[in-house]
Amino acid sequence: MTAGIGHNGGPELQGTGWRRHCWQAAREALLPTLPIEVLRNRVRRAQELGLDYKTYASVRAASGHDVVAFLFSSNALRATPKVAELPADRLDRLRAMANCGRLAIAVAPLAPSDLLQAGGGLIDAAHPAPRPFGSFSEAREAMGTARGDYHRDGVVLVGAAPFEAEWCAAGRLAYYLPAERLFTA
């Protein structure tokens, strides 16, 4: 059978187990082995950011870059217009993060100024979020504004609502991290 356009010439992965084994062994041989000092530095950086190593390694693998900033949705921070301060677990996590930007986007009806006030000085900047299920271009523009001067390949969007993952794709950000993965670690 001939391979179609876009096929990488690899074996059919259904059928013979030996072909599958050979293909997987060849792929594993291509993966780099990191020196122990590089691993130690990455573990240290993950701790600095408040991430477990597996999550940090996933972000690095997906983007090819280090995390330079987190962009939190107000949903992920559990911020509401009626609450004057973020929940204690959110504030503790923000305090524990070092050497990275802490940005936020306020989902309506919450205003960015409310989010900054609720963050108690732990959020560097806040901007309005795009409309939920709004246009792709609207989300791209809002994410570009929200990340500020940080390069998009180093910004991780932390969200809690299903539509927020699309914002990450629209803004071409490094990674989408569900809030429960960050705040329960």
Side-chain angles (χ1 to χ4, degrees), residues 45-52 54-185:
R45 179 66 176 149
Q47 290 171 344
E48 210 173 57
L49 295 170
L51 297 174
D52 60 277
K54 184 177 179 182
T55 300
Y56 178 72
S58 296
V59 173
R60 292 229 20 153
S63 69
H65 298 276
D66 190 26
V67 176
V68 295
F70 288 93
L71 177 57
F72 297 95
S73 76
S74 55
N75 293 324
L77 293 172
R78 293 191 182 150
T80 64
K82 297 180 182 179
V83 177
E85 189 173 77
L86 297 178
D89 66 326
R90 279 16 188 192
L91 290 172
D92 291 343
R93 179 61 73 170
L94 289 171
R95 275 188 206 99
M97 293 177 158
N99 298 321
C100 65
R102 294 175 294 227
L103 311 170
I105 49 175
V107 178
L110 193 69
S113 58
D114 297 335
L115 195 51
L116 286 171
Q117 184 177 355
L122 297 172
I123 298 172
D124 302 329
H127 298 275
R131 291 178 301 122
F133 306 108
S135 72
F136 193 81
S137 60
E138 178 188 346
R140 181 182 58 235
E141 186 177 322
M143 293 297 102
T145 301
R147 70 177 168 80
D149 292 335
Y150 292 106
H151 194 277
R152 65 177 180 244
D153 289 335
V155 178
V156 173
L157 176 61
V158 181
F163 53 84
E164 293 173 348
E166 295 174 10
W167 295 346
C168 184
R172 297 175 61 195
L173 303 178
Y175 201 77
Y176 176 77
L177 187 62
E180 66 270 2
R181 197 163 163 194
L182 178 67
F183 291 110
T184 58

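Only this structure's heavy atoms are used, side chains among them; waters, hydrogens and symmetry mates stay out. Being a predicted model, the structure only gives us computed values, none of them experimental.
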Practice item. Would you name the heavy atoms of Leu110 and Ser74 that are closest together and state the gap between them? Key: CD2-CB, 3.4 Å
**Study point:** Under 3.5 Å donor-acceptor, Arg102 side chain and Leu71 backbone
**Key:** no
**Study point:** Option from Leu91, Ile123, Val158 for which side chain to side chain contact (heavy atoms under 4.5 Å, CB included) with Leu77 holds
**Key:** Ile123
Exercise for review: Validate the cation-pi geometry between Arg90 and Phe183: distance from NZ or CZ to the six-membered ring centre under 6.0 Å, angle to the ring axis within 45°.
Suggested key: yes
Practice item. Looking only at non-hydrogen atoms, find the nearest pair between Ser73 and Ala160 and report the distance. Key: OG-N, 4.0 Å
Point to revise | Sub-4.5 Å side-chain heavy-atom contact between Thr55 and Leu177 | key: yes
Practice item. For Ala106 and Pro112, work out which heavy atoms get closest and say how close. Key: CB-N, 3.7 Å
**Study point:** Flag, side chain of Arg93 to backbone of Gly50, donor-acceptor distance under 3.5 Å
**Key:** yes
Check your understanding: Does the side chain of Ile105 reach to within under 4.5 Å of the side chain of Glu164, using non-hydrogen atoms?
Key -> no
Study note, to complete from the structure: On a heavy-atom basis, the closest approach of Ala179 and Ala76 is CB-CB, 3.7 Å
Review point. Does CD in Gln117 sit with more than 12 non-hydrogen atoms of other residues, nucleotides or ligands closer than 6.0 Å?
Key: no
Review point. So, the side chain of Glu138 versus the backbone of Arg131: is there a donor-acceptor pair under 3.5 Å, distance only?
Key: yes
Point to revise | Nearest heavy-atom neighbours spanning Gly171 and Arg152 | key: O-CD, 3.7 Å
Check your understanding: At what distance, to the nearest 0.5 angstrom, does CG of Leu49 lie from CG of Leu182?
Key -> 9.5 Å
Check your understanding: Going from CH2 on Trp167 to CZ on Arg140, what distance comes out if it is rounded to the nearest 0.5 angstrom?
Key -> 15.5 Å
Review point. Is the count of non-hydrogen atoms from other residues, nucleotides or ligands lying under 6.0 Å from Arg78 atom CZ greater than 12?
Key: no
Review point. Do Arg147 side-chain atoms and Ala69 backbone N/O form a donor-acceptor pair below 3.5 Å?
Key: no
Check your understanding: What distance do Arg172 atom CZ and His151 atom NE2 have between them, rounded to the nearest 0.5 Å?
Key -> 9.0 Å
Review point. Any side-chain heavy atom of Ser58 sitting closer than 4.5 Å to one from Arg181?
Key: yes
Exercise for review: Check whether any side-chain N or O of Ser63 sits under 3.5 Å from a backbone N or O of Val59 as a donor-acceptor pair, and report yes or no.
Suggested key: yes
Review point. Atom CD in Gln47, atom CG in Asp52: separation rounded to 0.5 Å?
Key: 10.5 Å
Revision key, fill the gap. Distance col, row Phe70:CZ vs Leu94:CG, nearest 0.5 angstrom, shows 10.0 Å
Practice item. Taking all non-hydrogen atoms of both residues into account, name the closest pair between Met143 and Pro130 and its distance. Key: CE-CD, 3.6 Å
Check your understanding: Nearest 0.5 Å, what's the CG-CG distance between Leu122 and Leu86?
Key -> 8.5 Å
Exercise for review: Say whether Asp153 and Tyr175, considering side chains only, have a donor N or O and an acceptor N or O under 3.5 Å apart.
Suggested key: no
Practice item. Could you give me the CA-CA distance, side-chain angles and deciding distance for Asp66 and Tyr56, then say whether side-chain contact (heavy atoms from CB on, under 4.5 Å) is met? Key: CA-CA 9 Å; Asp66 190 26; Tyr56 178 72; 2.6 Å; yes
